[in-house]
Amino acid sequence: MSAIVKVLIADDQPLVRRGLALMLDPEPGFQVVAEAGDGAEALRLAHTHRPNVVIMDIRMPVLDGIAATERLSTELPDCRVLALSTFDMDEYVVDALRAGACGFLPKDISPEDLVAALHVVHEGEAILAPRLLTRLISTHVKAHAHRSRPSVPPDAEELTPREREVWRLIAGGLDNTEIAERLGVSGSTVKNHITGLFAKLRVRDRAQAVIAAYETGLVTAQREA
């Protein structure tokens, strides 16, 4: 029998918290262990209950979701964070991914999609709604490029041609199976390439790899349009 996935819900709106909890209540594989109304409370409850996944609203009082995510990534690295956002908050979504979130969901997520997303995150993958997320990231990176020129990840120059191609396909929203089919290799080979790629880029997951791809110019908003 599969282990229960413990979930903490952090949102400053009680109705949103209750709604998300009610979505998960009928699911036998999940247990909502706590609900928090701000980022500081989410951190405290996460240390107490040790959830597998935190559903984290981005805009909250006391400590916002981005700062809370960054601290969780450092203090409880085995705890996965799934950020909540409305789609008119691109810059906050990207900041949350940089802070260590594994992806994001809209607040009007369906129960079926929420359950599927939590399973994916719990299994160690990032939630990347392929075209939507890459468009949000590319638009944000392009719009803020004038602030400073992003540095190339320290070991990016050491990527093999195949690792670089896998990186490009990840940034295009392809999952492991699709990458394997595109390259004509096995799924295990793709996983090996991704492991090496993440180590050289010094990124935690696919979400951060996508951001790095846009910031370094490997892919552009025009290419993904």
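Along the sequence shown, residues carry numbers from 1.
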side-chain contact (heavy atoms from CB on, under 4.5 Å) assessment of Leu118 paired with Ile55:
CA-CA 9 Å; Leu118 289 173; Ile55 300 176; 4.1 Å; yes
To the nearest 0.5 Å, how far apart are [atom1] in [X] and [atom2] in [Y]?
{"X": "Ile66", "Y": "Arg59", "atom1": "CD1", "atom2": "CZ", "answer": "10.0 Å"}
{"X": "Asp64", "Y": "Thr69", "atom1": "CG", "atom2": "OG1", "answer": "8.5 Å"}
{"X": "Met23", "Y": "Asp113", "atom1": "CE", "atom2": "CG", "answer": "9.5 Å"}
{"X": "Leu183", "Y": "Leu169", "atom1": "CG", "atom2": "CG", "answer": "5.5 Å"}

Residue pairs passing the salt bridge (charged side-chain N to carboxylate O under 4.0 Å, His left out) test with at least one member in residues 173-187, sequence neighbours excluded, are none
Electrostatic pair Lys107:Asp57 at N-O distance under 4.0 angstrom: yes
Using the test side-chain contact (heavy atoms from CB on, under 4.5 Å), find all partners of [X] that sit at least two apart in sequence or belong to another chain.
{"X": "Ser186", "value": "Ser188, Thr189"}
{"X": "Asp25", "value": "none"}
{"X": "Thr160", "value": "Arg162, Glu163, Lys200"}

Sequence neighbours excluded, the answer for side-chain hydrogen bond (donor to acceptor under 3.5 Å, both in side chains) partners of Asp38 is none
Check your understanding: Under 6.0 Å from the CD atom of Glu70, do we count more than 12 heavy atoms belonging to anything else shown?
Key -> no
- Item | Arg80 side chain to Val121 backbone, donor-acceptor under 3.5 Å | yes
Using modelled atom types only, decide if a donor and an acceptor are shared between the side chain of Trp167 and the backbone of Leu197 within a distance under 3.5 Å.
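Such a contact is absent between Trp167 side chain and Leu197 backbone.
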In residues 13-21, what donor-acceptor pairs under 3.5 Å come from side-chain atoms, sequence neighbours left out?
unit_1, atom_1, unit_2, atom_2, d
Arg17, NH1, Asp11, O, 2.6
Arg18, NE, Glu35, OE2, 3.4
Arg18, NH2, Glu35, OE2, 2.5

Quick one: ring pair (Phe, Tyr, Trp, His ring centres under 6.0 Å) pairs with a partner in [range], sequence neighbours left out?
{"range": "residues 56-83", "result": "none"}
{"range": "residues 9-30", "result": "Phe30-His119"}
{"range": "residues 170-205", "result": "none"}
{"range": "residues 38-81", "result": "none"}

side-chain contact (heavy atoms from CB on, under 4.5 Å) for Asp95 and Arg98? Distances and angles first, verdict last. CA-CA 5 Å; Asp95 287 345; Arg98 284 200 184 99; 3.3 Å; yes
- Item | ILVMFWY clustering at 4.5 Å (side-chain atoms), partners of Val81 |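 Val81 shares its hydrophobic cluster with Leu8, Leu43, Leu45, Val54, Met56, Met60, Leu63, Leu72, Leu76.
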For this session: Supply the members, apart from Leu22, of the Ile/Leu/Val/Met/Phe/Trp/Tyr cluster built from side-chain contacts under 4.5 Å; use none for a lone residue.
Result: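 Members other than Leu22 - counting any ILVMFWY side chain reachable under 4.5 Å - there are none.
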Please give me the minimum heavy-atom distance between [X] and [Y], naming the atom from each residue.
{"X": "Val210", "Y": "Ala171", "result": "CG2-CA, 3.9 Å"}
{"X": "Pro51", "Y": "Cys79", "result": "O-SG, 3.7 Å"}
{"X": "Ser73", "Y": "Ala99", "result": "OG-O, 3.2 Å"}
{"X": "Ala42", "Y": "Ala10", "result": "CB-CB, 3.8 Å"}

Worksheet entry | From CA spacing to verdict: side-chain contact (heavy atoms from CB on, under 4.5 Å), Val185, Val190 | CA-CA 7 Å; Val185 298; Val190 171; 3.7 Å; yes
Handout entry: Heavy-atom side-chain proximity of Glu41 to Val62 below 4.5 angstrom
Key =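 The answer is no; the side chains never approach within 4.5 Å.
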Go through the steps for Val115 and Leu24 under the test side-chain contact (heavy atoms from CB on, under 4.5 Å), then give the verdict. CA-CA 7 Å; Val115 168; Leu24 294 176; 4.2 Å; yes
